[in-house]
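Step one of this worksheet: look at the structure below.
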Amino acid sequence: MSALFLLIGISLVVAGAFLGAFLWATRSGQYEDNYGPAVRILFDDKPAQKQTTSK
């Protein structure tokens with residue numbers, strides 16, 4: 001029975017750590033990419049500049 005209480009306590013600590021990491025990520029701007037790669041792929045890249053070689 002004491003092992004059950006120990007496992008519940010450990011799971012609450014781990015869940016609290018994940019919640020803390022999620023809150024830190026949202027407050028530090030990790031999810032603020034409104035113009036993500038899914039939209040960037042729709043636009044063409046800048047044209048490559050021609051390289052001149054002299055011989």
Side-chain angles (χ1 to χ4, degrees):
M1 191 66 167
S2 64
L4 183 64
F5 291 131
L6 179 67
L7 289 175
I8 289 173
I10 291 172
S11 67
L12 288 175
V13 169
V14 170
F18 279 113
L19 179 64
F22 174 73
L23 292 175
W24 170 79
T26 55
R27 288 183 182 165
S28 67
Q30 295 290 322
Y31 299 112
E32 295 295 325
D33 188 13
N34 294 330
Y35 196 70
V39 176
R40 271 188 232 129
I41 198 167
L42 297 175
F43 298 104
D44 290 332
D45 292 335
K46 294 179 182 176
Q49 296 177 356
K50 295 181 181 179
Q51 295 180 352
T52 58
T53 58
S54 59
K55 287 188 176 185

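Source: prediction; values computed, not measured. Residue numbers start at 1 and run along the sequence shown.
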Query - Contacts of type side chain to side chain contact (heavy atoms under 4.5 Å, CB included), residue Leu42, not counting sequence neighbours - result: none

Query - Leu23 reachable from Tyr31 in the ILVMFWY side-chain graph, under 4.5 Å edges - result: yes

Requested in this report: Check the hydrophobic clustering (I, L, V, M, F, W, Y; side-chain heavy atoms under 4.5 Å; chains of links allowed) and say if Val14 and Phe22 are grouped together.
Outcome: no

Query - Apart from Leu7 itself, residues in the same hydrophobic cluster as defined by side-chain heavy atoms under 4.5 Å - result: none

Report summary line: Apart from Val13 itself, members of its ILVMFWY cluster (side-chain separation under 4.5 Å) are none

Requested in this report: With rounding to the nearest 0.5 Å, note down the distance linking CD1 in Ile10 to CG in Leu6.
Outcome: 4.0 Å

